[in-house]
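Worksheet: the structure to be examined is printed underneath.
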Amino acid sequence: MESDKPAKTESKATGSELEVVGSGFKANIKDELDLLKKKSSKENIREELENLKDPTRTQIYKSIFRVKHEPTPRSRSLGVLTNVFLHLHPAKINRDATRFSYTWGMGGITFYLFIVLTFTGILLMFYYHPTKGQAYRDILYLESDVPFGKLLRNMHRWAAHLMVITTWLHMFRVVLTGSYKTPREFNWCVGVLLLVLTLLLSFTGYLLPDDQLGFWAVTVGTNMARGTPGLGHEGPFGPQLGMTPYNDVRFALLGGSIVDANALLRSYIWHCIAIPVIASVLMAIHFWRVRKDGGISGPAPITLTSEMKSPGARAVKQSVK
Amino acid sequence: MDWGQLWTIASAPDNVPIVALLFLVPFFTWLGFRQARANDRLAETLEGDTALAKTHHRKTWPWKPHWTKEVHVWPFLLRVEFLATIIVTVLLFVWSITLNAPLEEPSNPNLTMNPSKAPWYFLGLQEMLVYFDPWIAGVVMPTLIIIGLMAFPYVDSNPLGVGYYTWKQRKVAVSAFCWGFLMWIALIFIGTFIRGPGWVWFWPGTTWDHNAAVYEVNRDLPVLFGIKTQPWQAVFGLVVVGAFYVIAGLVIHLVITWSKFEKKIFERTTMLQYLVFQFFAISILLSMPVKLLIRQVFRIKYVLLTPWFNI
Ligand code: HEM
């Protein structure tokens, strides 16, 4: 087909427009017919099958991925940069940054666990009603009747626990590599918020089966809120400021003065909607900042103690700017 | 000895993460500090050899001049990430097939669980309830920890050690964080393995006794000193707490200005950075173990008694 093009433009350059279009069209059809005659239908089919073997040449593939996938630097870069999921990565990174021993992969694994939790969580939502009585029965139903229901529930549970662990280890790694230092201080703070949200996600989920374990854990947890200074009815200066069990911060958390139907509903909404949405936004900021702060901090060449610039030098540099 | 009790706790599916943590934290600590040691050695060599320092690529990993400094994300990083997701997925499947998430009886406000424990990652806070009143353990401490963590990068005035593992160049920052991390894990460990019904201390190897009568002697420091009336109890308590802050502050000051290098870093620290660091180091990193000690060893409950709150 490609070879037709120059011929067409040539004829366009000569005769009047209508004539050209007409004759070009006719010529095209003639060419196609000639081609068809030359090849047997068997050959045609074989050619189509050959194309299937290399799907990157099909129109469908090209329409989705936009760039060819070849082992060339250009193609490899474009493969990352033109893909909405991969473009959080730069095209190239520090050759040592791919080593497991530097990042331990913990941030990435934490993010992957968040995706697993979202996926399994949405599936669980199909079977769960956040109402007293029904909630517990839904869990029993999941465990005994829903195909793979037990696996689903287990996976959501264990992935949540694992995410808490990986978040801690990720933070530990960031400290050991000094990655929170300038210019990454702010991203560290976003990380701290993510840590808090991860813990709150786990905690709000704990109540949802509405069993003894969750009920008492949440009772113990929210009882602490009674003691909030100034805002809890048992906290320092709380009673003096007019706090009672019916208007303090614990009441706001539970939607009541005891852990009951309202608490279940509030937990559910925090757990399934509010916190995941906030966490997703913060993760977007977190990843964006990793890139904007110059990518992963290392592994960087080491600086020697004797090369430490005096604080005066820094001030001078800033004033020069 | 009743090791069955310990096994019952350790093998509860919900406690598997803590058992895992007992292996994971030492492993990753080892992994990090091994690289720190290697980097510190390299730094030492280069400090002694200025000619080499000028040409060396400054990493402990092999490097050849004709190697590019960067590699393509596709495929070199993506294949690692892909592999990691597969491994995590397989792990989750195995874990979910072999262990079931717990489900107790339906919730019943009239039937108290004993012991009723928070999920393991909050057991540190719950264990703190033994040493502090709920408003400190449940509200003030978590708030301080969150703010303290956020303040951490802003008070660390040491410019060295960005992007590589090191111990010698960042002793203060690394030990401050590790100390807090360790304490957090230790409290969780106590809450999980040692606390039984009634939140009583049961050593591993002993059986939980649901009728264990606890003769808790709750002594208050001012009373021990014969001060039984307000406002003198409050005044006495304030003096003691104030003295604690002063002494702890001096100790911390000594530690962070221990060596010549540490002094150099100290010179770069502004007054505000210094005070904020001192405040969080004393209020979180030191007050917690001190309160634990005077409670467990001397059976003293409160140090500061006021009409509104006690510490
Ligand atoms: C939901 C939780 C979190 C997710 C999904 C997450 C994800 C990530 C990812 C994927 C990276 C890239 C490097 C890596 O994989 O190590 C990263 C880097 C980083 N994270 Fe997180 N993170 C989370 C929580 C935290 C926490 C709790 C902190 C600290 C308190 C933190 C601080 C940082 C910092 C400072 C960097 C830059 C590190 C560097 O440049 O070497 N993050 N995070």
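Below, chain A is the first sequence line, B the second, and so on; all start at residue 1. In what follows, every heavy atom counts, from backbone to side chain, and hydrogens, waters and symmetry copies are set aside. All figures in this text were calculated on a predicted structure; none of them were measured in a lab.
Heavy-atom distances place the side chain of Arg99(A), and not its backbone, under 4.5 Å from chain B. Only the side chain of Ala53(B) comes within less than 4.5 Å of a heavy atom of chain A; its backbone N, CA, C and O stay farther away. For Pro73(A), the parts lying near chain B are the backbone and the side chain together; criterion is any non-hydrogen pair under 4.5 Å. Residue Ala91(A) touches chain B through its backbone alone, counting heavy-atom pairs closer than 4.5 Å. If you measure heavy-atom distances from Val16(B) to chain A, you find no contacts under 4.5 Å at all. When heavy atoms are compared at a cutoff of 4.5 Å, Glu81(B) approaches chain A solely by way of its side chain, counted from C-beta outward. If you measure heavy-atom distances from Leu152(A) to chain B, you find no contacts under 4.5 Å at all. Residue contact with chain A, scored on non-hydrogen atoms closer than 4.5 Å, is absent for Thr306(B). Heavy-atom distances place the side chain of Ile109(A), and not its backbone, under 4.5 Å from chain B. For a residue to count as touching a neighbouring chain, one of its non-hydrogen atoms must lie under 4.5 Å from one of that chain's; by this rule Asp133(B) does not touch chain A. At a 4.5 Å heavy-atom cutoff, the contact between Val139(B) and chain A is made by side-chain atoms alone. With a 4.5 Å cut-off on non-hydrogen atoms, Leu99(B) touches chain A through its backbone and its side chain both. Using a 4.5 Å cut-off between heavy atoms, Ile265(B) touches chain A through its side chain atoms alone. Val116(A) touches chain B through its side chain: at least one heavy atom from C-beta onward sits under 4.5 Å away, while N, CA, C and O do not. Contacts of Leu113(A) with chain B are made by side-chain atoms alone, with heavy-atom separations under 4.5 Å and no backbone atom involved. With a threshold of 4.5 angstrom between heavy atoms, Phe261(B) approaches chain A through side-chain atoms but not through N, CA, C or O. Interface residue Trp67(B): backbone and side-chain heavy atoms are both found under 4.5 Å from chain A. At a 4.5 Å heavy-atom cutoff, Glu234(A) makes no contact with chain B through either its backbone or its side chain. There is no contact between Ile258(A) and chain B, counting heavy-atom distances below 4.5 Å. At a 4.5 Å heavy-atom cutoff, the contact between Ser202(A) and chain B is made by backbone and side-chain atoms alike.
Judged by distance alone, with hydrogens and angles left aside, the side-chain atoms of Lys181(A) form no donor-acceptor pair with the main-chain N or O of Pro153(B) at under 3.5 Å. Judged by distance alone, with hydrogens and angles left aside, the side-chain atoms of Tyr112(A) form no donor-acceptor pair with the main-chain N or O of Thr89(B) at under 3.5 Å. Without hydrogens or angle criteria, Trp216(A) side chain to Leu111(B) main chain gives a donor-acceptor distance under 3.5 Å. In terms of modelled atom types and a separation under 3.5 Å, the side chain of Trp188(A) and the main chain of Leu149(B) share a donor-acceptor contact.
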Run the numbers on Thr29(B) and Phe172(A) for side-chain contact (heavy atoms from CB on, under 4.5 Å), then give the verdict. CA-CA 9 Å; Thr29(B) 311; Phe172(A) 189 36; 3.6 Å; yes

Evaluate the criterion side-chain contact (heavy atoms from CB on, under 4.5 Å) for residue pair Trp104(A) and Leu31(B); output intermediate values, then yes/no. CA-CA 9 Å; Trp104(A) 310 341; Leu31(B) 188 63; 3.5 Å; yes

As a quick check of understanding, evaluate side-chain contact (heavy atoms from CB on, under 4.5 Å) for Asp14(B) and Trp158(A), giving each step before the final call. CA-CA 9 Å; Asp14(B) 250 3; Trp158(A) 303 139; 3.6 Å; yes

Run the numbers on Asn100(B) and Lys150(A) for side-chain contact (heavy atoms from CB on, under 4.5 Å), then give the verdict. CA-CA 8 Å; Asn100(B) 284 327; Lys150(A) 199 165 200 163; 3.4 Å; yes

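Contact check for Asn154(A) versus Trp95(B): no side-chain heavy atoms found under the 4.5 Å cut-off. Counting heavy atoms from C-beta outward, Met113(B) and Leu213(A) have side chains that approach closer than 4.5 Å. Between Leu193(A) and Met150(B) the shortest side-chain heavy-atom distance falls below 4.5 Å. Met308(A) is listed as a side-chain neighbour of Pro159(B), based on a closest heavy-atom distance under 4.5 Å. Side-chain contact between Ser179(A) and Val162(B): absent, with no pair of heavy atoms (C-beta onward) separated by less than 4.5 Å. Between Leu176(A) and Arg170(B), every side-chain heavy-atom pair lies at or beyond the 4.5 Å cut-off. Looking only at side-chain heavy atoms (C-beta outward), Asn108(B) and Phe215(A) stay at 4.5 Å or farther from each other. Looking only at side-chain heavy atoms (C-beta outward), Met224(A) and Leu129(B) come within less than 4.5 Å of each other.
Taking each heavy atom of Thr303(A) and Arg58(B) in turn, the nearest pair found is CA-NH1, 4.2 Å. Nearest heavy-atom pair, Ala217(A) versus Ala118(B), reported as atom, atom and distance to 0.1 Å: CB-CA, 4.0 Å.
In summary, Glu70(B) and Arg76(A) do not engage in a salt bridge, as defined by a charged side-chain N under 4.0 Å from a carboxylate O.
A donor-acceptor contact closer than 3.5 angstrom is absent between the side chains of Ser107(B) and Asp211(A).
Ranked by non-hydrogen atom pairs under 4.5 Å with chain A, the options His72(B), Lys59(B), His56(B) are led by His72(B). Your options are Leu77(B), Leu24(B), Asn39(B), Thr112(B), and the one with the most heavy-atom pairs under 4.5 Å with chain A is Thr112(B). Of the listed residues (Leu160(B), Ile136(B), Val174(B)), the greatest number of heavy-atom pairs within a distance under 4.5 Å of chain A belongs to Leu160(B). Ranked by heavy-atom pairs under 4.5 Å with chain A, the list Leu21(B), Leu125(B), Asp156(B), Thr166(B) is led by Asp156(B). Your options are Ala151(B), Ser116(B), Ser96(B), and the one with the most heavy-atom pairs under 4.5 Å with chain A is Ser96(B). Each of Phe309(B), Tyr165(B), Trp308(B) has some count of heavy-atom pairs under 4.5 Å with chain A, and the biggest count is that of Tyr165(B).
In this structure, His161(A) and Tyr121(B) have perpendicular ring planes: the angle between them is above 60°, well past the 30° mark. Trp168(A) and Phe181(B) have perpendicular rings, their planes meeting at more than 60° on a 0 to 90° scale where under 30° would count as parallel.
The CD1 atom of Ile302(A) sits 9.5 Å away from the NE2 atom of His57(B) when rounded to the nearest 0.5 Å. Atom CE in Met171(A) sits 4.0 Å away from atom CZ in Phe177(B) (nearest 0.5 Å). One distance of note links CD of Glu185(A) with OH of Tyr154(B); it measures 5.0 Å at 0.5 Å rounding. Note that the CD atom of Gln212(A) and the CG atom of Leu103(B) stand 11.0 Å from one another [nearest 0.5 Å]. With values rounded to the nearest 0.5 angstrom, Leu81(A) atom CG is found 11.5 Å from Trp74(B) atom CH2. The distance from the CG atom of Leu42(B) to the CG atom of Leu304(A) is 8.0 Å, given to the nearest 0.5 Å.
Interface residues of residues 134-142 of chain A toward chain B, defined by a heavy-atom distance below 4.5 Å and sorted by number: Tyr136(A), Ile139(A), Leu140(A).
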